[in-house]
Each structure stands twice: as structure tokens, then as C-alpha cells.
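Working notes, structure below.
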Amino acid sequence: MARRSNPAVRIAQETAHNAMFDADGKPKPGVHNMLLKAVQIQRPLVVGYIRLLQKRHPRATAAQLADIAERDYLRAVTGGGALVGASAVVPGVGTVASLGLSAAATVGFLEATALYATSLAELHGIRLTNPEKAGTMVMAIMLGEEGTALLGSLSGQASGSATNTWGNALSKSMVMPGFGSVRKRIQQAFLKNLLKRQGTALFGRALPFGIGAVVGGAGNLVMGRAVAKNAREAFGPMPDTIPGELTPAPGPDNQTLEGNILGSQR
């Protein structure tokens with residue numbers, strides 16, 4: 001007996017596809033811009049997050065802070081996916097309407113990933129003051145070996161730790177020869193990879209009857225763990241000491257991000 005298709009799944013697929021792709025099957029420009037903007041992050045936000053962790057864990061080493069940031073990150077992206085998936089069972093929130101929330105969850109996943117990956121860079125002593133360079137690094141981390149190899153070409157090395165090769169290159173304030181070309185290649189690979197992976201998650205989060213909560217949370221957890229693994233491999237071992245600039249300073253400034261980053265409140 002042939003399995004009957006679920007009309008809710010068909011509606012979800014058609015609506016999501018029409019919202020993100022044109023008649024030729026290519027992602028709309030607005031989708032590209034939204035995704036690329038989500039991975040860019042301002043350095044003061046990253047430093048503020050690390051100082052918040054230091055305030056809560058004053059004796060933590062760089063490695064311990066990295067572990068805490070990873071736990072925060074996985075908790076945030078998993079909870080976000082499950083929350084959006086559960087919205088499909090709320091009266092008045094239909095499958096089609098929930099697709100808008102699924103798109104928002106994708107952006108939220110990318111923003112959380114940007115904060116996590118850039119925080120690890122800071123703990124390694126890599127100062128990413130340029131949001132465009134920070135976003136390029138985040139995209140490369142999400143791509144894994146392909147992305148880090150491309151970044152390695154900026155310093156003339158295709159291998160080695162991020163701290164000694166592309167990390168130092170991205171930290172420079174000057175314009176880097178070849179950066180635009182490398183960034184473009186990373187963007188293209190990133191968008192192709194993300195739309196392929198997040199496409200399945202987008203449909204899954206829109207499923208009704210509570211199934212979306214399971215699919216959304218589980219899908220984000222898988223992707224989040226992959227990002228964390230890529231980041232650890234790209235950056236290599238944590239330094240023995242925390243970079244001096246990240247030493248927490250006493251005063252009210254350290255409390256500005258309280259409860260607003262990655263759901264850190266416990």
C-alpha cells in the first residue's frame with residue numbers, strides 16, 4: 001500500500017521554497033543578505049559576553065571558559081529550534097504561519113554561532129574588530145576543512161593552527177591582498193551548504209502535532225555540535241593564559257549583557 005503524503009508537509013515545502021527561491025530555483029537576493037548579515041558580529045558584544053562569563057566564573061581558565069561558551073551555545077540553539085517547532089501546535093499558529101518563525105530560527109542559529117565562534121577566537125588572542133572579517137571567519141568555521149583551508153590561503157599557508165595562520169591575518173587592520181576573492185568563495189560555499197542543510201530543518205520545524213519540536217531541537221543540536229567540533233579543530237589547543245585584554249574589570253560595565261546573551265542566565 002502506497003504511503004499517503006502529509007498535506008501539511010507539502011504546504012510547508014512549497015511555502016518555504018517560494019519564500020526563499022525564485023522561479024528558477026535560485027535563492028532570492030534578500031535571503032542571501034539576511035544570512036550573511038546574521039554571521040557578522042561587533043567585537044564589543046563578544047568581549048562583553050566573555051567578561052560576563054569571567055564575572056560568573058572568576059577562576060576559570062581559557063579552556064574552561066571555552067567549554068562554558070560551548071554549553072551555552074548548544075543550549076541556546078537547541079532550545080531555539082524546539083521552541084519554534086512547538087509553535088505549530090499552538091491554536092491559531094498554522095503550518096504556513098510557522099514558516100516565518102522557522103526563518104527567524106535560522107537567523108538566530110547563525111547569530112548564536114557567530115557569538116560562539118568569535119568568542120573562541122578572542123580566547124585565542126585573535127582580535128576581530130572588523131565585522132566583515134569576523135563574519136568570514138564564522139562562515140569558514142561552519143564549512144569545516146574547506147573553509148579553514150581557504151582562510152589559510154590568505155597567509156600563504158593551507159594548514160596549521162588558526163592562531164598562527166589565518167587568525168593573525170584576519171586580525172590585521174590593513175586590507176589583505178586576496179581577501180575579497182577568498183571571502184567570495186567562502187560566501188558561495190557557505191550559502192550553498194547552509195540552504196541545503198537548513199532547508200530540511202526549515203521544513204521539519206514547521207511540522208504540526210508537536211513533531212516539529214523534536215525535529216527542530218534535534219536538528220539544531222546536530223548542527224551545533226558540528227560547528228563546535230569544527231571550531232575546536234580550527235583553533236587548536238586553548239592557550240594556557242587568558243589574553244590580558246580580556247581580564248575582567250570591576251564595575252557596572254560588566255553587567256550590561258546580563259541575561260541577554262545565549263540564554264546564559266541559570
Side-chain angles (χ1 to χ4, degrees), residues 9 12 16 20 34-35 37-41 45-46 49-50 52-53 56-57 60 63-90 93 95 97-121 123 135 137-144 147 190 193-235 257-266:
V9 175
M20 300 182 70
M34 175 188 71
L35 298 177
K37 187 70 175 177
V39 296
Q40 295 186 9
I41 189 168
L45 183 65
V46 178
Y49 169 60
I50 294 175
L52 176 60
L53 293 185
R56 293 178 172 177
H57 308 276
Q64 289 170 335
L65 289 175
D67 288 342
I68 295 169
E70 181 177 327
R71 288 199 300 269
D72 273 357
Y73 167 61
L74 294 177
R75 183 183 300 116
V77 298
T78 304
L83 179 63
V84 173
S87 69
V89 303
V90 178
V93 181
T95 299
S98 71
L99 287 172
L101 298 176
S102 291
T106 299
V107 172
F109 177 88
L110 294 178
E111 290 176 340
T113 299
L115 178 61
Y116 166 67
T118 313
S119 295
L120 257 62
L123 289 172
M137 183 205 70
V138 173
M139 288 186 286
I141 292 291
M142 293 188 70
L143 285 171
F190 166 75
N193 183 278
L194 180 70
L195 289 172
K196 179 176 65 176
R197 295 169 64 189
Q198 275 287 348
T200 302
L202 187 75
F203 303 146
R205 281 193 292 265
L207 292 175
F209 314 124
I211 299 174
V214 179
V215 176
N220 278 6
L221 178 60
V222 171
M223 290 187 289
R225 284 176 173 170
V227 168
K229 180 176 181 291
N230 289 345
R232 290 194 300 269
E233 292 177 352
F235 290 114
L257 298 179
E258 186 75 26
N260 291 328
I261 301 294
L262 282 183
S264 294
Q265 257 182 333
R266 305 184 188 281

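- At a threshold of 4.5 Å between non-hydrogen side-chain atoms, the residues Leu110 and Met142 count as touching.
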Show your working on side chain to side chain contact (heavy atoms under 4.5 Å, CB included) between Val227 and Val77 and close with a plain yes or no. CA-CA 11 Å; Val227 168; Val77 298; over 6 Å; no
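- Nearest heavy atom pair, residue Ala66 against residue Leu123, reads N-CD1, 3.9 Å.
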Steps toward side chain to side chain contact (heavy atoms under 4.5 Å, CB included) verdict (Thr118, Met137): CA-CA 8 Å; Thr118 313; Met137 183 205 70; 4.0 Å; yes
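- Once rounded to the nearest 0.5 Å, the distance linking CE of Met139 with OG1 of Thr113 reads 12.5 Å.
- Put simply, CD1 on Ile141 and CG on Asn230 are 7.0 Å apart, with the number rounded to the nearest 0.5 Å.
- Of all the heavy atoms in Ile50 and Ser119, the pair that sits closest is CD1-O, 3.7 Å.
- Considering CG of Leu53 and CG of Asp72, their distance stands at 6.0 Å, rounded to 0.5 Å.
- Across every non-hydrogen atom of Ala38 and Ala114, the tightest pair is O-CB, 4.2 Å.
- With sequence neighbours left out, Arg232 forms a side chain to side chain donor-acceptor pair (under 3.5 Å) with Glu70.
- Closest approach of Ala231 and Tyr116 over heavy atoms only: CB-CE2, 4.2 Å.
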Show, in sequence, the C-alpha distance, side-chain angles and deciding distance for Phe190 and Val138, and conclude whether the side chain to side chain contact (heavy atoms under 4.5 Å, CB included) test is met. CA-CA 10 Å; Phe190 166 75; Val138 173; over 6 Å; no
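- When side chains are defined from C-beta on, Leu74 counts as touching Arg225, because their heavy atoms get closer than 4.5 Å.
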